[in-house]
Amino acid sequence: MADISKIDDNIYEVPIGYRPGMRVPGRIYVSSVLKEMVEPGTIDQVANVACLPGIVKYSMAMPDAHLGYGFPIGGVAAFREEGGIISPGGVGFDINCGVRLLRSNLRAEAVEPRINTLIDALFEAIPSGLGATGRLHATDQQLTEAFVNGSRWAVEEGYGVEADLTHCEESGCMPGAQPAQISAKARKRGRPQLGTLGSGNHFLEIQRVEEIYDEARAKQFGLFKGQITVMIHCGSRGAGHQICTDHLEVLNKAVKKYGIDIPDKQLACAPLGSPEANNYFGAMVCAANYAWANRHIIAHWTREVFERYFPGSKLDLVYDVAHNVAKIEEHLVDGKRERLYVHRKGATRAFGPSRSEVPQAYADVGQPVLIPGSMGTASYVLCGCDRALELTFGSACHGAGRVMSRSQALKQFTGQNVKAALNRDGIVVKATSPGMLAEEAPQVYKPSGDVVDVVHNLGIASKVARLVPMGVSKG
Amino acid sequence: MIAFEYLEHTADIKFRAYGKTPEEMLCNAAAALFNSMVQPETIAAKESWRVELEADDLEDLAYKWLSEIVFLFETESSVFSAFSVKLDQDAAGLWRLQAEIGGERIDLKRHAFANEVKAITRHKFGIKKNEVWCIQVILDV
């Protein structure tokens with residue numbers, strides 16, 4: 001990492017001048033061990049983001065940072081309302097890809113003997129994988145409702161309960177949706193897929209709380225050792241992908257129109273306040289709401305399956321976080337409160353107790369920060385800390401972060417041997433396309449514990465619990 | 001001349017596709033896209049689809065072409081193996097593409113997927129002409 005200097009433990013700086021045109025320095029939050037895993041291309045992407053107009057403080061990368069397109073994965077950047085921009089390169093194709101955690105009133109011993117049956121039933125109940133279409137058969141009108149009202153719409157349709165809304169980022173519905181900015185193509189991709197898990201790294205996992213680090217906060221989150229939890233990881237499916245594709249085209253024209261110099265066409269953007277920026281934001285909000293409705297419906301079907309095998313069981317929502325999104329937030333900049341457009345691309349919001357956005361139930365402790373492991377490795381629950389506001393605009397990492405390419409993974413693993421290895425560890429896996437398991441082998445990711453420790457040690461978010469997988473349903 | 005080759009990329013799939021003409025390059029790029037997901041010999045060109053697109057320059061047209069194939073893959077639940085592309089440019093400089101695509105409906109018993117391509121990125125996306133035409137693409141999977 002030439003030219004990168006260590007500022008403090010777990011903080012490295014990419015200086016202005018690392019590449020021409022940088023307006024602010026870059027900050028990469030990694031341990032000395034993880035630093036060795038950061039590819040030069042990732043640092044280039046941090047530096048590219050630093051060139052965008054109106055960027056505030058730093059172009060940041062979280063400890064799970066790896067090579068993306070436009071922003072690095074794990075990238076965070078905030079832009080001033082005056083003179084700043086919005087870019088789909090800072091959000092990604094899978095808008096509001098995110099994680100939802102449900103806590104049960106069941107103990108692992110009760111579920112373990114039936115884990116195979118349960119995973120089979122969840123795999124049947126929740127459409128997943130390539131070409132999957134929902135059980136929902138949403139009408140065009142319902143699709144619009146999902147775009148505008150997100151989880152609120154889902155609750156009105158009889159999925160889930162009111163309490164789900166108060167335990168979800170943005171209450172499951174971001175304001176500002178503009179369904180008129182959604183193309184017919186995005187609607188065509190999105191409509192049949194509402195209520196589907198998708199493929200790739202998306203999953204539904206039955207987990208056991210293996211370790212509690214902080215009893216008081218765990219109690220506040222309703223977590224205890226030996227408890228069964230369910231984690232759902234998915235996003236806005238084809239709707240989000242098409243919305244990003246459509247608006248990239250518009251914004252690449254906007255870049256020429258407004259004379260913005262960008263180092264990468266995936267960083268296509270428009271000045272905040274311009275029609276192009278407003279239209280993208282309105283469409284992005286629609287996709288974010290769609291994703292919340294999607295995870296909400298999947299959670300409802302998960303409850304139905306649990307009720308079938310464990311009558312009277314409860315699955316309450318702990319929290320639901322977005323990790324690919326741009327938000328309008330107020331932050332302190334040089335002692336002054338400013339409205340900023342905070343882009344989080346593969347990064348989770350990690351607000352501490354001082355923020356009004358934290359759900360009332362967690363107002364004393366900060367929001368739950370959900371960090372999924374890779375398939376077969378531990379996931380973590382942390383709580384957001386106010387220190388994150390100073391360091392990262394209230395952001396933490398979103399996962400483990402890839403360290404091995406897909407082609408290398410395919411050379412080293414097959415779907416069958418990955419599945420067999422997980423089975424040996426007592427983890428049941430059911431997948432639509434077993435061939436795709438090879439690329440998601442646990443070894444292709446950084447150790448999730450190392451990534452989480454950086455966040456914990458920096459004081460961005462504090463460890464509350466560790467969850468280990470018992471069964472996984474994959475696309 | 002090879003039709004296409006894959007390059008190392010940590011998180012996604014990167015390839016270069018070549019052609020003696022821009023038409024051939026665009027056909028080979030589409031083949032590379034599908035080859036990253038499914039073995040092409042398992043795909044029979046039983047049905048055909050027509051695509052018509054236009055753009056201000058060849059690079060934007062290529063981006064639209066590959067994005068359109070991803071759209072058809074998803075909305076038609078189909079995989080494709082045969083591509084024929086015609087290009088022309090009008091007096092005002094506007095590029096037009098007319099293509100015919102051959103493929104079939106996805107059958108998971110025969111089509112074993114190694115990946116699912118979700119979108120075409122613009123990151124390091126570009127076309128060059130030296131001895132042959134070359135397009136570089138990074139796929140979001």
Side-chain angles (χ1 to χ4, degrees), chain A residues 37 39 41-42 45 48 66-70 72-73 88-89 92-94 129-133 185-186 188-189 192-193 198-201 237-238 240-242 244-246 248-249 252-253 264-268 346 401-408 410 415 432-436 438-439 444 475, chain B residues 5-15 36-39 42 53-57 59-79 105-109 111-127 136-141:
Chain A
M37 298 183 192
E39 312 106 307
T42 307
Q45 291 178 340
N48 288 346
H66 62 88
L67 197 61
Y69 34 82
I73 311 297
F93 284 97
D94 195 358
L130 215 121
T133 51
K185 278 184 171 173
K188 193 169 178 185
R189 284 177 79 171
Q193 293 179 348
S199 69
N201 61 357
R237 311 284 288 112
H241 298 123
Q242 191 66 41
C244 182
T245 301
D246 293 342
L248 264 180
E249 205 180 314
N252 265 310
K253 290 200 170 97
D264 172 2
K265 281 198 169 175
Q266 189 72 28
L267 291 175
R402 278 191 89 93
V403 71
M404 188 190 292
S405 74
R406 290 170 195 272
S407 53
Q408 276 174 321
L410 287 176
T432 318
S433 298
M436 286 162 71
E439 301 207 343
V444 310
Chain B
E5 62 185 325
Y6 296 98
L7 295 105
E8 274 298 304
H9 192 280
T10 318
D12 291 301
I13 294 170
K14 184 176 183 180
F15 70 79
S36 73
M37 294 196 277
V38 190
Q39 296 284 330
T42 64
L53 300 165
E54 50 185 51
D56 293 337
D57 60 45
E59 192 178 300
D60 284 350
L61 190 66
Y63 182 77
K64 280 189 172 177
W65 159 241
L66 295 174
S67 296
E68 184 70 15
I69 297 172
V70 172
F71 172 74
L72 288 174
F73 156 62
E74 201 170 288
T75 52
E76 298 287 304
S77 294
S78 296
V79 279
R105 306 283 159 179
I106 293 171
D107 173 0
L108 288 178
K109 289 187 202 78
H111 302 133
F113 279 80
N115 282 295
E116 181 183 1
V117 174
K118 291 166 180 165
I120 313 296
T121 79
R122 291 295 305 238
H123 181 56
K124 302 202 173 195
F125 185 95
I127 295 174
Q136 177 170 287
V137 183
I138 297 174
L139 305 169
D140 179 40
V141 291

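Note on naming: letters A, B, ... go to the chains in the order of the sequence lines (proteins, then strands), and numbering restarts at 1 for each one.
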Chemist: What I'd like to find out is whether the side chain of A:Y69 reaches to under 4.5 Å of the side chain of A:Q266, using heavy atoms alone.
Modeler: yes
Chemist: Under 4.5 Å, counting heavy-atom pairs only, tell me which of B:M37, B:H123, B:K124, B:E116 racks up the most with chain A.
Modeler: B:H123
Chemist: Relative to each other, are the rings of B:Y63 and B:F125 parallel, tilted or perpendicular (30° and 60° limits)?
Modeler: perpendicular
Chemist: Using non-hydrogen atoms and a 4.5 Å limit, figure out which bit of A:V444 sits close to chain B: side chain, backbone, both or neither.
Modeler: neither
Chemist: Let's test your reading of the structure: which of A:R189, A:R402, A:K253, A:E439 forms the most heavy-atom pairs below 4.5 Å with chain B?
Modeler: A:R189
Chemist: Which region of B:T75, side chain (C-beta onward) or backbone (N, CA, C, O), has a non-hydrogen atom less than 4.5 Å from a non-hydrogen atom of chain A, or is it both or neither?
Modeler: side chain
Chemist: Heavy-atom distance under 4.5 Å to chain B: side chain of A:N252, backbone, both or neither?
Modeler: side chain
Chemist: Quick check for you: among B:A114, B:S77, B:S67, which has the greatest number of heavy-atom pairs under 4.5 Å with chain A?
Modeler: B:A114
Chemist: Measuring heavy-atom distances to chain B, does A:L248 have an atom under 4.5 Å in its side chain, in its backbone, in both, or in neither?
Modeler: side chain
Chemist: Could you measure the distance from the OG1 atom of B:T121 to the NZ atom of A:K265? Nearest 0.5 Å is fine.
Modeler: 12.5 Å
Chemist: Which one of A:L130, A:L67, A:N48 has the most heavy-atom pairs closer than 4.5 Å to chain B?
Modeler: A:L130
Chemist: Please evaluate residues B:I13 and B:N115 with respect to the criterion side chain to side chain contact (heavy atoms under 4.5 Å, CB included), reporting the C-alpha separation (whole Å), side-chain torsions for both, the decisive distance (0.1 Å), and the verdict.
Modeler: CA-CA 9 Å; B:I13 294 170; B:N115 282 295; 3.3 Å; yes
Chemist: Do you know which of A:K185, A:Q242, A:Q193 has the most heavy-atom pairs with chain B at a distance under 4.5 angstrom?
Modeler: A:K185
Chemist: Could you walk me through whether B:E74 and A:H241 pass the side-chain hydrogen bond (donor to acceptor under 3.5 Å, both in side chains) check?
Modeler: CA-CA 11 Å; B:E74 201 170 288; A:H241 298 123; 5.1 Å; no
Chemist: Does a side-chain heavy-atom distance below 4.5 Å link B:I120 with A:T245?
Modeler: no
Chemist: Can a salt bridge be assigned to the pair B:E59 and B:R122 using a cut-off of 4.0 Å between side-chain N and carboxylate O?
Modeler: yes
Chemist: Relative to chain A, which segment of B:F73 carries a heavy atom at a distance below 4.5 Å: side chain, backbone, both, or neither?
Modeler: side chain
Chemist: Do A:T432 and B:F113 have side-chain heavy atoms sitting under 4.5 Å apart?
Modeler: no
Chemist: Using a 4.5 angstrom heavy-atom cutoff, name the option from A:E249, A:R237, A:H66, A:Q408 with the most pairs to chain B.
Modeler: A:E249
